[in-house]
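Read through the structure below, which is laid out as structure tokens, and then see the notes.
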Amino acid sequence: MLLDFDKLGAWRWALGLICGLMTLFLLLPILFIIALSFGSSRWLIFPPPSWTLNWYVELFADPRWLTAALTSAKIGLIVMVLSVILGLFASLALVRGTFKGRAVLRAFFLTPMILPVVIVAVALYALFLRLGMNGTLTGFVIAHLVVALPFAIITISGALESFDTAIEEAAILCGASPWEARFRVTLPAIKHGLFSAAIFSFLISWDEVVLAIFMASPTLQTLPVKVWTTLRQDLTPVVAAASTILVLLTVLLMIAAALLRKGKSK
Amino acid sequence: MLLDFDKLGAWRWALGLICGLMTLFLLLPILFIIALSFGSSRWLIFPPPSWTLNWYVELFADPRWLTAALTSAKIGLIVMVLSVILGLFASLALVRGTFKGRAVLRAFFLTPMILPVVIVAVALYALFLRLGMNGTLTGFVIAHLVVALPFAIITISGALESFDTAIEEAAILCGASPWEARFRVTLPAIKHGLFSAAIFSFLISWDEVVLAIFMASPTLQTLPVKVWTTLRQDLTPVVAAASTILVLLTVLLMIAAALLRKGKSK
Amino acid sequence: MTPYLHINGIRKVYGNVVASDHVELTVAKGEFMTFLGPSGSGKSTTLYILAGFQDPTKGDILIEGKSILSTPSHKRNIGMVFQRYTLFPHLSVGENVAFPLRVRRMGQSEITDKVRRALALVRLEGLEDRMPTHMSGGQQQRVALARALVYDPPVLLMDEPLSALDKKLREEIQLEIRRIHQETGVTILYVTHDQEEALRLSDRIAVFNAGRIEQVGTGPELYANPQTHFVADFIGDSAFLKGEIETVQNGQASLRFGDGSLIVGVPLHGDVKSGKGAELMLRPERIDLSAVAGEQGASLPVQVQDMTFLGNNTAVSVRTAWGDPLTVRLGFGHPLSGRVSRGDHLHINWAAESAQAFIQG
Amino acid sequence: MTPYLHINGIRKVYGNVVASDHVELTVAKGEFMTFLGPSGSGKSTTLYILAGFQDPTKGDILIEGKSILSTPSHKRNIGMVFQRYTLFPHLSVGENVAFPLRVRRMGQSEITDKVRRALALVRLEGLEDRMPTHMSGGQQQRVALARALVYDPPVLLMDEPLSALDKKLREEIQLEIRRIHQETGVTILYVTHDQEEALRLSDRIAVFNAGRIEQVGTGPELYANPQTHFVADFIGDSAFLKGEIETVQNGQASLRFGDGSLIVGVPLHGDVKSGKGAELMLRPERIDLSAVAGEQGASLPVQVQDMTFLGNNTAVSVRTAWGDPLTVRLGFGHPLSGRVSRGDHLHINWAAESAQAFIQG
């Protein structure tokens, strides 16, 4: 109550400065790319002389882009399912278990979050070279699962922690077996956490580029890799169109996740 | 109390499976790289015929590696300082302010976390092309600040939210001016949050590779970029040595952050 | 009584919500004044306005005749103890208490001396080096009290400082607060929702309800002579019986009840024009339960519903002939104690002057 | 009394901590038994062992002579209401109450019928479609009660079910629980730390302290005849005066106090060999304050320290000649009411048989 906007004083200016910088360096360039994807100039002249959907037509006509997008979606969906299932089991053991070394195990599950992604990529690449898994769908899924799982575990653990075990105990005293209680009471109660974990896992895979570059083969690459490699060769408005689609799906899914969280707090 | 390890049952097997997979795909490859960095074989034969520190000697002797590491450290430190300062101001406004649009502003500050990093990189690259800032230290700092700031804001906001404003009010009624109260009471009380934010911000910059590749010039590149480009040309044990150093610093800083958090909860 | 502090028609509106309205009160120097009321009744809002954390929508606050509204919080020289624990977590107990003196740029030797005396006042001598996180809630609130008093503020605000403590500790610190009030002579404004705490501590009590002060007075005054139904209900146990006003003469009413009983000569509060319905208020300890109607005073027949042994007394739930429930307490040694059964037809008797009636709103 | 439920020498150890020890109790069918004690006294641990959430380190639990320890929780057919709100958040009130019947694979028409009757029992008729999150805490605990009773369990466990509710609501639901106990005849084991709640509800009370049962009995028994200092202190108000044992005869002691006063004929509890020190326990409502020493019974001179008006009585803090403090309550109409001043020299008088003495441990 000490700080309403009229009394912000110096904060007000600092806040304005940060907003300005963020808008300048983050939002404007991305809006700029989105605008270019609808612009008629092949040479990315801004502002565009006129508006067109040509680059989207070109994008969808090119089977390589479509294949990349489908690959991304396929990998993302598999990662999502595995990440939620494994994350649920790991979270149950971490949150509910009383065995020793629980803290160590939890730290271990979160290591992929803190290791430099380029090192994870190099390490997985070296392993997959031996196993002959580079350029395979399995390789992609495992690589993305390794980075997505910590987020799924954090999200599901959080939901489990805020779920009072007394409710599960009540279900058991009501006559439900421990397994029945978990399936009929605990899982429905943490479903928002499971949905969030699913969305995060999909997005992490959908947006990931470093690991994907290492895993990719000429015949199997994800959308971010295709954007990356195309950019390296040639700055065409088709890349802007592909980028726009990537951003669009990301933002839509994040809004869905936010609405989910809001629905839960009601 | 319903689930101790002896009663884990099926969870136990699931947990064992996940641990096994994570160890196989994450920890082993990284330990493997660390081992290779001490192995005597130039051709990365495993297990190494004998142990050596040669690759570290070579690494530190090569001025390009040293320059890259210094560049990484310099950028990381600048990003750290700016991220904590800007993060503190933004958090104060977001947590304490009562103005309208606070939720929107908070969502805006967190957008860099959710946008695909390759798109952020493309967008910043396009902007910096115009501004002539690619390959400059300023460019690097701004790019990394954009991705580090959301984490700093989350960490500092969390610390501020768990700090009871009544304590600040008590300081004011004791005779401290609002600014004096903030500096003598609020800042010391959230110092753990500030330290965490500093460590996170530094690490994000230290480990980041996608933005850095776009910003890099032949004369100015960070350690992850150097690892990346060297790898593309030639798989030498020097890369393994550099990777080991990257991982080591990351893990040390994360342990420091964890100890900090533990000290706070005491 | 010299009006040292004057709360002059304070009104505070948040959006569409009126948090307090027409709050008017004078407090004498050295008085212990308690704001008593349920949560949301405006008592804390009034305290926050005094502290300067909020500005009133209307009205003024005067100390010794001068408005303090334009003085910022940190220059009002007012002490305050909060409901939540507000010790500075990174400072030791000694440094917490020294804080108000440090911001006043006092010399070190004077600070050391004053801190020692303030800690002695709250009976925590020698704990200067303890950290707040290693103290119990009761000790923390004592330190907070020492910190609020170390700079000798003329006015001390206390916002439910004991509500987080358990009963035994609360009563212990209540005694301490009373002693400290007597020793220092500071003017205290104390907010609580606990009527027993208010009765224990205060010189006078202002009863808040729905943003307004319903009545101000000493504890015995409020108990013996409540002016409104709310005050009668909030302070002390009370039973209310619904009836209709038959006649009113000299502020005394005759009430007719559902079974035709007539009770005469009851002091009546409220605006008679607003209706014929009224409630008769009885204090349980002034009601006597007996097998026959009392010869003097008033009496009504009742039937016993339930008995509960409560240690030092037995609560007997009875019901009047027209169905209103009330509870009578039989103390140890009462002739009927242990001889009442469910379903018994008995009488409640009371002295006419101990009852009051309130017009139904 | 047929011993329907038998808690046979339960001991529970967590690591180095003994949570409960030698807990031995029999409960009759349809009895309302309360476990009363401070937190950490082992009362909840005993309840959890009954529920099957924990296994005892030693001892057994028998229902109708058969051990239930090897039966898993979900097959014990026991009902339980928890301290925290445990309604299933994703199910409606009706589905919450139906849950125990669904896991028992009961037919839909029977379920509908039983749910309606269970909700009627807790006075929430027709709220089947409400979601738990849209209900008050009191309503949620009523639904939890309906869910725990819908499958007619012979035993109902209640673990401080009212502790999160405010006083008024608590008393209201206490009445409901009493009524439901009478209507259903279920055997109830009720855990609480609130002695008034225990006295209101229970047929018998088991007083827990430091993992053991100190005494079992009806409320009036425990109040009139506490066997230990702890029980005397925990149930009802009491004052303790420290003295030394002069002589003991037939279980009755003569006590000598600091000022030389001798009080004779006090029933003595505890092992006399363990020391000469003893504490005299007096119930405040059995003490009379007067200007002169009583002619019958026992008497001690005291000096008035402080008075507090508390509505239906005035608490007078007095101090004995050797400095022990105690509080006497003057009810309305007491001859000294309103005539006591600080510093007055008065006497406390009591009937000899109303006091008890406990050996100091």
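Below, chain A is the first sequence line, B the second, and so on; all start at residue 1. Side chains are part of it too, since the values below use all heavy atoms of this structure and drop only hydrogens, waters and symmetry mates. For clarity, every value in this text was computed on a predicted model and none was experimentally measured.
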| field | For A:Ile167 against D:Leu87, the heavy-atom pair lying closest together | value | CD1-O, 3.9 Å

| Of D:His74, D:Met80, D:Arg147, the residue whose pairing with A:Leu173 passes side-chain contact (heavy atoms from CB on, under 4.5 Å) | D:Met80

| field | From SG (A:Cys174) to CG (D:Asn96), nearest 0.5 Å | value | 8.5 Å

| Which bit of A:Ala181 is near chain D, if near means a heavy-atom gap under 4.5 Å: side chain, backbone, both or neither? | neither

| More than 12 heavy atoms of other groups within 6.0 Å of D:Asp129 CG | no

| message | Between the side chains of D:Arg104 and A:Glu180, is the shortest nitrogen-to-carboxylate-oxygen separation below 4.0 Å, so that they form an ion pair? | response | no

| query | How far does NE2 of D:His90 sit from OG1 of A:Thr186, to the nearest 0.5 angstrom? | reply | 9.0 Å

| task | Check whether D:Leu91 gets within reach of chain A through its side chain, its backbone, both or neither, counting any heavy atom under 4.5 Å. | result | neither

| said: So which atom in D:Pro89 and which in A:Ala189 form the shortest heavy-atom distance, rounded to 0.1 Å? | reply: CG-CB, 4.0 Å

| More than 12 heavy atoms of other residues, nucleotides or ligands under 6.0 Å from CZ of D:Phe82: is that the case? | yes

| query | Stepwise, does the side chain to side chain contact (heavy atoms under 4.5 Å, CB included) test hold for D:Phe99 with A:Arg184? | reply | CA-CA 10 Å; D:Phe99 185 86; A:Arg184 294 182 69 153; 4.0 Å; yes

